[in-house]
Amino acid sequence: MDKTLWLRWRYPILVFFLGAIAIVYSSQPISLVLFKHEVEKRLENIHLFYQERYLNLGQELVELAKELRYTCNQHDIALLRDTIEQSSGIQLLELQTPTGDCSVYGKNVRLIKDFDDSSASIHHENDLFNYSVSPYHNHRLKVQYRLPDAKLTLITEPVQNVFTQSEVCFGCTAMTLGRDGEEIDVFPRLDKKQYTHIASKYFGPNYAFNVYATESGITYVTESDLFITQLLLFFMLLSACLMIGLYRTPERTLKEMISYGLMKKEFIPYYQPIVDSTTGAITCCEVLIRWQRSDGELISPNQFIPIAEHNGQIKLLTNYIIEHVIDQFEGELIADSQFYISINVTPQQLEDDEFLSTTINLLKQRNVPAHRLAFEVTERIPFSDLAKARRIIQHLTDFGISIKLDDAGTGYGGFSYLQNLPIDTLKIDKMFVDTIGTNDIKSNILDSIILFAKHAGLKVIAEGVETKAQVDYLHQREIYLMQGYHYAKPMPFNEFKQYLQQDLMISKR
Ligand code: C2E
Ligand code: CA
Ligand code: CA
């Protein structure tokens with residue numbers, strides 16, 4: 001049982017180690033989640049920033065298209081200059097007309113190169129414009145408007161990167177514009193590297209900024225955040241495990257162990273004979289439960305019965321033990337004989353209709369005569385509903401099962417129980433038998449109990465008889481039924497069977 005501490009903490013410790021390993025090994029998915037979250041947040045900011053600019057830009061161009069004469073004369077050039085000056089999103093503007101080209105710098109001064117970019121451009125047509133967008137030097141975009149007789153080309157300001165300069169390792173992150181695979185590179189992807197799509201943010205119905213990153217890009221950006229997140233997860237795991245461990249009080253742990261022991265059939269009955277000391281013959285035996293753990297340890301009932309009584313597992317344990325006893329004795333219990341087996345029950349079980357019916361049904365099912373079974377109920381725990389107990393005990397005794405009062409004299413209700421309940425036998429506790437031959441004040445109580453039993457016409461069994469002197473003392477007071485190490489200790493079934501056979505041979509002689 002000193003293992004309870006280990007049993008209590010083994011699950012929390014196991015959970016902690018497994019959790020810690022999982023945290024260490026899941027650094028990649030954690031990084032990805034952190035990275036995605038961060039990128040989405042930054043895309044959102046960029047979206048806010050551009051929304052205003054491009055809304056204006058569209059407006060400015062509509063105005064410009066209306067006012068241009070498409071001749072590239074001074075009027076047109078002045079208009080181009082004004083537009084650039086007023087617009088925050090446009091860096092360069094150029095007009096190509098059938099009568100010549102012009103830019104803000106004058107007629108036939110072209111600044112925008114026909115940049116030979118192999119990556120695709122995005123085309124778009126609507127009522128106002130027919131235009132295409134393609135990447136231009138230095139992370140800018142080239143937008144070409146095709147009018148019936150002219151072409152208007154503009155270069156935007158550089159597109160804002162989602163990442164700051166210090167965060168970007170070369171080629172680790174990339175950004176595109178477009179959607180559904182029809183994308184143009186703004187911060188291009190390198191051919192040889194493997195990129196994962198991280199996030200997209202729509203800037204209008206047709207355009208989305210898409211962010212990609214390589215594994216080292218993700219690691220690079222999230223390195224310090226990952227450490228803090230993992231540390232946080234460790235603390236959360238540690239607190240959770242501590243809470244599990246604290247919740248698993250020794251009692252809860254033992255409860256769990258008892259359930260497991262029941263499932264593994266680790267509980268076994270031991271038998272201690274109750275002897276008629278005048279003849280030495282065995283009249284009956286008491287069943288004393290033992291817990292044989294898988295490692296061979298034999299646990300005494302005092303270490304788990306109080307817990308099982310407290311949490312209600314005693315019901316299952318008693319039912320299990322009764323069935324086990326019937327299994328072990330098999331046919332021997334059916335033959336008519338006065339020998340009977342006494343089983344310990346709690347007062348609560350004798351107030352329980354279910355216990356009554358399962359016991360009676362079991363005996364009927366297994367053809368065991370009722371007088372072969374007796375229950376002994378301890379006086380240490382009080383009955384809570386004496387009227388109900390009376391009804392159930394009456395039912396059991398009517399059926400043929402006798403009821404004994406165990407540990408008589410140790411509790412408070414003993415005499416009132418004996419007056420109110422159909423109990424036929426009283427078991428004197430070892431505590432009183434131990435006082436025989438001593439000056440202990442309790443030796444007076446022993447005599448009082450014996451006297452009371454005689455007056456009440458009750459049978460008496462003396463428990464814990466260890467010496468010849470105790471036997472003699474009890475004989476003088478006409479107590480003959482005895483249980484104790486002086487005769488035999490509790491023993492497992494095989495041993496008890498041999499003991500019974502020897503007893504049978506002696507009594508036949
Ligand atoms: P109990 O009903 O008073 O049982 C008698 C206890 O005294 C047993 O202890 C027995 O081994 C011990 N004993 C008998 N003769 C002597 C003796 O001469 N000297 C000494 N030193 N001890 C003696 P055990 O087996 O440890 O059982 C302890 C208690 O556990 C029992 O006390 C009973 O209250 C409870 N118990 C055992 N089995 C069951 C069970 O199946 N159901 C319930 N509800 N309680 C049980
Ligand atoms: Ca007992
Ligand atoms: Ca006792």
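Counting starts at 1 for both ligands and their atoms, following the listed order.
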Subject >> R290 to Y270 six-membered ring, cation-pi geometry met (6.0 Å, 45°) >> reply: yes
What atoms of ligand 1 come closer than 4.0 angstrom to any heavy atom of [X]?
X	value
G484	15 (N), 18 (O)
P490	11 (O)
R380	34 (O)
L288	4 (O), 8 (C), 10 (C), 11 (O), 25 (O), 27 (O), 37 (C), 38 (N)

Original post:
Mind checking whether the Ca ion (ligand 2) has an N, O or S of S342 under 3.0 Å?
Top reply: no
**OP:** Please find out if the Ca ion (ligand 2) and some N, O or S atom of D406 are separated by less than 3.0 Å.
**Re:**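 True for D406.
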**OP:** Please state whether the rings of Y50 and F203 are parallel, tilted or perpendicular, taking 30° and 60° as the class boundaries.
**Re:**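 Tilted.
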Residue-level breakdown please: for [X] versus ligand 1, do any non-hydrogen atoms fall below 4.0 Å on the side chain, on the backbone, on both, or on neither?
X	value
I321	neither
K489	neither
K430	side chain
I314	side chain

Any N or O of [X] closer than 3.5 Å to N or O of ligand 1:
X	answer
T318	no
E286	yes
H486	no
P301	no
E466	yes
Q483	no

Taking the Ca ion (ligand 3) as the reference point, name the nearest N/O/S atom of [X].
X	value
D407	OD1
E463	OE1
D429	OD1

**OP:** Tell me which one of I343, V345, V377, N344 gets a heavy atom nearest to atom 45 (N) of ligand 1.
**Re:** N344
Original post:
Residues in salt bridge (charged side-chain N to carboxylate O under 4.0 Å, His left out) with K315, at least two apart?
Top reply: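 K315 satisfies salt bridge (charged side-chain N to carboxylate O under 4.0 Å, His left out) with D352 once adjacent residues are dropped.
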Original post:
Do E251 and H310 get their side chains close enough for a donor-acceptor pair, meaning under 3.5 Å?
Top reply: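 Indeed, the side chains of E251 and H310 share at least one donor-acceptor pair under 3.5 Å.
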Original post:
Between H486 and T467, does any side-chain donor sit less than 3.5 Å from a side-chain acceptor?
Top reply: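 Judged by distance alone, the side chains do not pair up.
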Original post:
Does ligand 1 have any atom that is closer than 4.0 Å to a heavy atom of V465?
Top reply: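 The answer is yes, since V465 has a heavy atom less than 4.0 Å from ligand 1.
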